Amino acid sequence: MNATDLYAHLRQTVLTALAQIIPDLPPDIAARVEVTPTRDPAHGDMATNAAMVSAKLARQPPAKIAAALVAALATAPEIEAAEAAGPGFVNLRLHPQTFRALLPIILANGEAYGDAATGAGTKINLEYVSANPTGPMHIGHCRGAVVGDALANLLTKAGYTVTKEYYINDAGAQVVALAWAAYWRYLQAIGTPLTEEEFAAEVPGGLQYKGDYLIPVGENLKATHGTSLATEHKGIAAPETWLDTVKDTTIAAMMTEVREDLRLLGVQQDIFTSERALVASGAADAVIAKLQADGLIYEGVLEPPKGKTPDDWEPRPQTLFRSTNFGDDVDRPLRKSDGSNTYFANDIAYHADKIGRGYDELIDVLGADHGGYVPRMKAAVKALSHDAVKFDAVLCQIVHILKGGVPLKMSKRAGSYVTLRDLLEEVGKDAVRFTMLTRKADAQMEFDLDQVLATTRENPVFYVQYAHARCRSVLRAAAEMFPGAALTDADLATTNVDTLDGEPELTLIRRLALWPRTVESAASAREPHRIAFFLYDLAADFHMLWNRGKDDATLRFLQADQPAATRARLVLVAATAVVIRSGLAVMGVTPVEEMR
């Protein structure tokens with residue numbers, strides 16, 4: 001056997017056997033055949049549902065097909081035993097040699113072990129973070145950034161072609177409010193006599209952004225423009241004389257900060273798209289015209305939102321998109337009663353732009369509070385692409401930061417929240433990234449700083465990193481014990497590993513065999529947290545094997561008087577390190593060589 005994906009290989013073996021029982025097996029039936037790990041190791045290594053999914057086509061009871069499969073699989077060289085079970089499952093027990101043969105394959109492939117062709121080059125645009133450029137990135141942005149970046153790595157490993165994109169929300173009222181706040185810092189820089197309260201009274205909607213992060217922006221405006229943006233008495237000038245200048249300067253400064261925050265987090269996006277530039281290009285009007293030409297626009301009045309009383313709502317004629325034609329629960333307004341475009345119109349224009357760039361699928365990583373946005377955008381993408389482009393969304397719930405069992409205090413720099421940079425300075429990039437992936441994205445989580453810094457099994461970051469460090473320490477110790485021995489992964493790949501016959505060793509190899517399947521299933525489900533779960537389980541299997549040697553010296557990896565058996569164990573250790581590095585690479589976490 002030379003297959004890198006043992007589960008895919010056995011699935012093909014099952015399909016070949018099934019084809020002998022049911023000739024001309026239709027592709028849609030074959031696609032439903034699975035080979036999965038058994039829930040109870042006592043029942044074997046793998047199980048297949050082939051008999052159950054093909055029974056209706058064959059017009060035979062699943063049990064009868066299962067019995068025929070058992071007979072057909074008995075001759076497969078990888079299979080030690082096959083047994084029919086339950087309503088039609090077939091349990092498979094593999095020869096230990098089938099698992100052992102995987103080790104040199106892992107070492108030969110290195111961190112590419114687990115790479116899949118599932119995506120078959122499908123072009124995906126993955127948009128994530130897309131924080132409003134109104135201040136430093138905060139913890140909510142952090143989770144979306146980590147989930148999006150790990151998902152991009154995961155999809156790439158599974159064979160998709162991924163473009164990572166950031167949508168700059170630099171149009172709208174929040175950017176105007178930001179410009180006013182930066183102007184206040186500018187007036188401070190040039191020595192305005194106005195108090196904050198006096199200034200805020202002049203600002204439409206009040207002074208919304210008060211964090212210290214805008215002080216350097218004010219100083220920069222002073223250095224560039226002197227006092228020319230203020231009145232002679234250093235008071236507030238007419239907005240039309242300074243608003244665009246201040247807005248451009250401030251957005252540029254904020255995006256510089258955002259890019260630096262992302263760099264510190266290990267995130268590097270391929271494309272940054274400006275909402276303001278998109279709107280200025282007339283893209284929103286163009287997409288409305290396209291939908292109009294397709295008969296998907298009409299003038300109408302929506303029903304009042306659920307839970308609203310007549311006093312809370314006023315019926316107004318609006319330009320509406322027939323999103324209910326594409327699965328949405330209500331039609332959506334694209335223009336307000338005053339003729340201006342809605343935010344949704346801009347969002348449709350943005351997704352139309354992405355469709356025009358030739359992607360097969362669009363994925364948005366969003367905050368959980370945007371869940372209601374998903375059906376309408378699915379409808380829009382379906383309408384614009386004539387159902388040729390798929391839209392998906394990954395929702396990220398909020399994160400609560402704890403220190404000493406209590407919520408972490410707000411950041412003085414941000415003024416109202418804990419910044420991403422605060423968190424990175426506290427625990428580091430790798431701990432942040434790994435921990436953010438220890439829960440499913442749509443589940444709320446508590447980020448406990450004390451636990452993340454703990455050196456215990458309860459800290460998954462430490463536990464997985466420690467497993468890799470132990471692997472590397474064994475290999476370094478082996479080089480000292482056997483000076484001059486060829487111990488590179490390529491050298492070890494030629495080693496006979498038949499002596500690896502203990503159950504703990506085989507348990508670890510079975511876990512390594514799951515890696516390609518884990519990559520494929522996690523990518524298909526768009527769930528990068530599965531990688532963290534896999535690595536934790538893999539680390540547990542390895543630590544268990546290590547601890548046997550602590551209790552019994554004869555079970556240690558390195559035995560000077562048993563060079564052949566030691567070398568075989570080194571193959572297992574090196575393969576484990578390879579898979580841990582492969583998994584950490586998906587997560588964007590750097591493996592450590594030794595624990596300090």
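Position 1 is the first residue of the sequence, and the numbers go up from there. Only this structure's heavy atoms are used, side chains among them; waters, hydrogens and symmetry mates stay out. This one's a predicted model, so the numbers in the text were calculated from it and none came from an experiment.
For the pair R526 and Y160, the cation-pi criterion (under 6.0 Å, within 45° of the ring axis) is fulfilled. The cationic group of R259 lies under 6.0 Å from the six-membered ring centre of F272 and within 45° of the ring axis, placing it in a cation-pi geometry. With a 6.0 Å cutoff to the six-membered ring centre and a 45° limit on the axis angle, K354 does not count as a cation-pi contact of Y359.
Using cut-offs of 30° and 60° for the angle between ring planes, the H138 and H141 rings count as parallel. Relative orientation of the F199 and Y183 rings is tilted, given thresholds of 30° and 60° on the angle between their planes.
Shown here for G144 and C396, the closest heavy-atom pair between the two residues is CA-SG, 4.0 Å. Nearest heavy atom pair, residue Y209 against residue L214, reads O-CD1, 4.1 Å. The shortest non-hydrogen separation linking G295 to R322 is O-NE, 3.5 Å. The shortest heavy-atom contact between N169 and S130 is OD1-O, 3.0 Å.
Within the 4.5 Å cutoff, the side chain of V258 has no heavy atoms near those of the P133 side chain. Looking at M587 and P528, their side chains never come closer than 4.5 Å, going by heavy atoms from C-beta outward.
Side-chain contact annotation: Y350 with E165, donor-acceptor N/O pair under 3.5 Å present. For S340 and D338, the side-chain atoms include at least one donor-acceptor pair closer than 3.5 Å. Side-chain N/O atoms of D285 and N341 include a donor and acceptor closer than 3.5 Å. Under the 3.5 Å distance criterion, with hydrogens and angles disregarded, no donor-acceptor pair is assigned to the side chains of T227 and K222. Under the 3.5 Å distance criterion, with hydrogens and angles disregarded, no donor-acceptor pair is assigned to the side chains of T122 and E361. A donor and an acceptor atom, one from each side chain of D170 and S274, are located under 3.5 Å apart. Side-chain polar atoms of D364 and H351 form a donor-acceptor pair below 3.5 angstrom. A donor atom on one side chain and an acceptor atom on the other are not found under 3.5 Å apart for H529 and R439. D422 and T419 share a side-chain donor-acceptor pair at under 3.5 Å.
With hydrogens and angles ignored, the 3.5 Å screen pairs no side-chain donor or acceptor of R143 with any backbone N or O of V399. Between the side chain of Y343 and the backbone N or O of G172, no donor-acceptor pair lies under 3.5 Å.
Paired with L264 under the rule side-chain contact (heavy atoms from CB on, under 4.5 Å), one option of R421, E425, K429 passes, and it is R421.
Note that CG of N325 and CG of D331 are 7.0 Å apart. Values are rounded to the nearest 0.5 Å.
Counting heavy atoms of neighbouring residues, nucleotides and ligands inside a 6.0 Å radius, atom NE2 of H400 exceeds 12 of them. In the displayed structure, K440 atom NZ is contacted under 6.0 Å by at most 12 heavy atoms of other residues, nucleotides or ligands.
Between R517 and E520 there is no salt bridge, since none of the side-chain N atoms of the basic residue sits less than 4.0 Å from a carboxylate O of the acidic one.
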